[in-house]
Structure formats: structure tokens, C-alpha cells
K.L.:
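Before we start, here is the structure in question, set down as C-alpha cells.
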Amino acid sequence: MTGRKKEKLIEFNKKNILDAAEGLFAEKGIVQTTMDDIAKTADYSKSTIYVYFKSKEEIYHHIIYEHMCRLREVAKLCLEGEGGFETRYYNLCDRLTVFYEQYPLYFVSTMGNISVDEKDLEESRILRQIYDVGEEINTAMISFYHQGIEENYLRSDINIVPAVFTMWASLGSLITVAHEKEAYILQRMNMKRDEFLHQGFEMLLNSVRKEQV
């Protein structure tokens, strides 16, 4: 077998394993899914699974990386798109909401904790890749805020890096709560989910927007 054919076979097998694991994680939950389950669903022996992945955790990290890459493309498409700051901000909010609806299981993970321990990043290539994608998203958000200040739309006194981190965390939490507490929001506030989200997005924007004269 040539090197190229061998490489394609490796990628084919890894994709089959990841697809099987992702389906099981969605169906049974991550904790409840075992390596035996993954091997059976992917139609490989467990020893073959271990040729490609050291553990279930590593499989999970590869799936998170794939979703992080999707999230990066969503963010860049909005942040670097047409229109002023406000237009691009609401585009980002809408696309993040759709991202949650498509991948609810991984939304929290992609928006959540990423290891910054240099030892972990040196020992695990996939953790390094996840970290690097996260930094690309942060860089795009920081540039977005600078553009908002240059447009005279955002307050010039903003401490940009903490503001970006706060905004990103707030958007993730808001979207998650809006979906998980939809019935309560309707009953307690008489608001549909989309109405609640729009109000929340507007409140977050107002926290950094320059006061309009």
C-alpha cells in the first residue's frame, strides 16, 4: 500500500470511529458511552479503536475540535462580513443560535473551558489544536471590537480583552438558557424564546455601545 493510500485509509477509519462515537454521545450521553459501545457501532475491534485513539476522552476531544472549527467559520463569516458593527453583531447572535440548535450537545463544550496548561498542550496535539482554534476566534472578536471603536459605535474606554471574554461567555449562556428554560420563560415572562433572545442580545450590546446623542 502506498503512503497516500495508507493515509486515506487511516482518515477513513478515524472518521468512522468519530461518527460512531458522536452518534452514541448524542443518544446515550458521553459518560454512559463506553469504548466497547463505540467499537461495536463502528464495526471495529476495540484494539483497532485504540490504534487510532488513546481513550474515549481523546475521541471526545477530536469531536470538539471539529465543532470548534465549525464555530470558528461561523464567527469569522459574521465578524468579517458586510455591514457595520451592529449588523455583524446580530448576525453573529443569530448564527450562534442556529449553531446551538444544530449541535446542542457540543455547544456548551465549544463555548466552555479550554485547557491552557502548557504541559497538556505539549503532550496532546488535539488539545493544542483546540486551543489554537479558540485563539483564532478570540482574535477575530478582538479585531471586531477595535472596528466598532473605530466606527465610533462602541465606547472607546472599553477594556477590550475582558469585554470580549465577557460578551462571548454571556452569549453562550444566554442562548443555552433560552433553549433549556423555554417553557419557564413563556410561563413566567410571557415571552417566546426568540423574543427573550433578542432582548438579551440587545441588553448585551447596550452594555458596550456608545451612548447615542
Side-chain angles (χ1 to χ4, degrees), residues 61 63-118 120-121 125-181 185 191-213:
H61 286 153
I63 295 171
I64 290 300
Y65 172 70
E66 291 181 355
H67 287 287
M68 284 287 291
C69 290
R70 291 189 180 103
L71 183 60
R72 175 188 59 194
E73 298 314 307
V74 165
K76 286 190 170 184
L77 183 66
C78 298
L79 300 178
E80 299 172 3
E82 298 293 327
F85 185 93
E86 182 173 320
T87 297
R88 288 180 286 161
Y89 167 77
Y90 281 117
N91 285 342
L92 176 64
C93 293
D94 291 342
R95 292 296 294 271
L96 287 178
T97 302
V98 171
F99 188 88
Y100 175 93
E101 292 165 354
Q102 290 177 326
Y103 312 107
L105 181 63
Y106 299 102
F107 182 85
V108 174
S109 297
T110 55
M111 301 286 281
N113 182 53
I114 297 174
S115 177
V116 296
D117 186 285
E118 194 58 39
D120 288 344
L121 300 182
R125 182 169 177 265
I126 192 63
L127 286 181
R128 168 63 71 180
Q129 290 175 314
I130 291 171
Y131 176 84
D132 288 344
V133 173
E135 285 299 279
E136 287 185 54
I137 295 172
N138 290 337
T139 298
M141 284 288 289
I142 289 168
S143 175
F144 182 50
Y145 266 58
H146 279 296
Q147 291 168 22
I149 292 173
E150 291 171 4
E151 291 174 16
N152 203 32
Y153 185 86
L154 297 184
R155 301 198 326 264
S156 60
D157 64 337
I158 293 174
N159 191 349
I160 290 181
V161 175
V164 163
F165 187 85
T166 301
M167 178 66 77
W168 196 246
S170 299
L171 288 173
S173 298
L174 177 64
I175 291 168
T176 301
V177 167
H179 285 79
E180 294 186 353
K181 299 286 188 179
I185 291 167
M191 297 177 71
K192 294 181 179 179
R193 184 181 66 205
D194 290 347
E195 294 173 322
F196 175 79
L197 277 172
H198 183 77
Q199 180 172 294
F201 295 150
E202 187 175 20
M203 290 174 65
L204 289 172
L205 180 60
N206 286 339
S207 71
V208 293
R209 182 165 55 184
K210 187 174 182 178
E211 185 176 348
Q212 302 299 308
V213 180

K.L.:
Calculate, to the nearest 0.5 Å, the distance between atoms OG1 and CG belonging to Thr97 and Asp194 respectively.
P.N.:
8.0 Å
K.L.:
Can you tell me how far the CG atom of Leu79 sits from the CE atom of Met141, to the nearest 0.5 Å?
P.N.:
6.0 Å
K.L.:
Evaluate the salt bridge (charged side-chain N to carboxylate O under 4.0 Å, His left out) criterion for residues Arg155 and Asp157: first the C-alpha distance (whole Å), next the side-chain angles of each, then the deciding distance (0.1 Å), finally the verdict.
P.N.:
CA-CA 6 Å; Arg155 301 198 326 264; Asp157 64 337; 2.9 Å; yes
K.L.:
Output the distance between atom CD (Glu180) and atom OH (Tyr100), rounded to the nearest 0.5 Å.
P.N.:
4.5 Å
K.L.:
Specify the closest pair of heavy atoms between Val133 and Arg72, including all atoms of both residues, with the distance to one decimal.
P.N.:
CG2-NH1, 3.7 Å
K.L.:
Working to the nearest 0.5 Å, report the span between CG of Leu204 and CD of Gln199.
P.N.:
11.0 Å
K.L.:
With a 6.0 Å cut-off on the ring centroids, do His67 and Phe107 count as close?
P.N.:
no
K.L.:
How long is the straight-line distance from NE2 of His146 back to CD1 of Ile160, given to the nearest 0.5 Å?
P.N.:
3.5 Å
K.L.:
Going through the checks in order, is the side chain to side chain contact (heavy atoms under 4.5 Å, CB included) test met by Thr166 and Ser170?
P.N.:
CA-CA 6 Å; Thr166 301; Ser170 299; 4.0 Å; yes
K.L.:
Please assess Lys181 against Phe196 for the test side chain to side chain contact (heavy atoms under 4.5 Å, CB included), listing each intermediate value before the final yes or no.
P.N.:
CA-CA 11 Å; Lys181 299 286 188 179; Phe196 175 79; over 6 Å; no
K.L.:
For residues Met167 and Leu205, report the shortest heavy-atom separation together with the two atoms involved.
P.N.:
CE-N, 4.5 Å
K.L.:
Taking all non-hydrogen atoms of both residues, which atom of Ser109 and which atom of Ile64 are closest, and how far apart?
P.N.:
CB-CD1, 3.2 Å
K.L.:
Taking atom NZ of Lys76 as the centre, does the number of heavy atoms from other residues, nucleotides or ligands within less than 6.0 Å exceed 12?
P.N.:
yes
K.L.:
Does a side-chain heavy-atom distance below 4.5 Å link Leu96 with Trp168?
P.N.:
yes
K.L.:
Any idea which heavy atoms bring Gly81 and Arg88 closest together, and the distance?
P.N.:
O-CD, 3.4 Å
K.L.:
Is there a donor in the side chain of Glu101 and an acceptor in the side chain of His179, or the other way round, less than 3.5 Å apart?
P.N.:
yes
K.L.:
In terms of the angle between their ring planes, are Phe85 and Tyr145 parallel, tilted or perpendicular, with boundaries placed at 30° and 60°?
P.N.:
perpendicular
K.L.:
So, the side chain of Tyr89 versus the backbone of Phe201: is there a donor-acceptor pair under 3.5 Å, distance only?
P.N.:
yes
K.L.:
Taking all non-hydrogen atoms of both residues, which atom of Ala75 and which atom of Ile137 are closest, and how far apart?
P.N.:
CB-CG2, 4.4 Å
K.L.:
If you look at every heavy atom in Cys93 and Leu171, which pair is closest and at what distance?
P.N.:
SG-CD2, 3.8 Å
K.L.:
Consider side chain to side chain donor-acceptor pair (under 3.5 Å). Of Lys210, Gln147, Arg209, which one does Tyr153 pass it with?
P.N.:
Arg209
K.L.:
For the OG1 atom of Thr110 and the CZ atom of Phe99, what is their distance to the nearest 0.5 Å?
P.N.:
4.5 Å
K.L.:
With a 4.0 Å cut-off on N to O distance, would you call Glu118 and Arg128 a salt bridge?
P.N.:
yes
K.L.:
Using the rule given for side chain to side chain contact (heavy atoms under 4.5 Å, CB included), can you reason through Glu202 versus Tyr90, listing the C-alpha separation, both sets of side-chain angles and the distance that settles it, and then say yes or no?
P.N.:
CA-CA 9 Å; Glu202 187 175 20; Tyr90 281 117; 3.7 Å; yes
K.L.:
Using a distance-only test with no angle check, is there a side-chain donor-acceptor pair under 3.5 angstrom linking Glu135 and Asn138?
P.N.:
yes
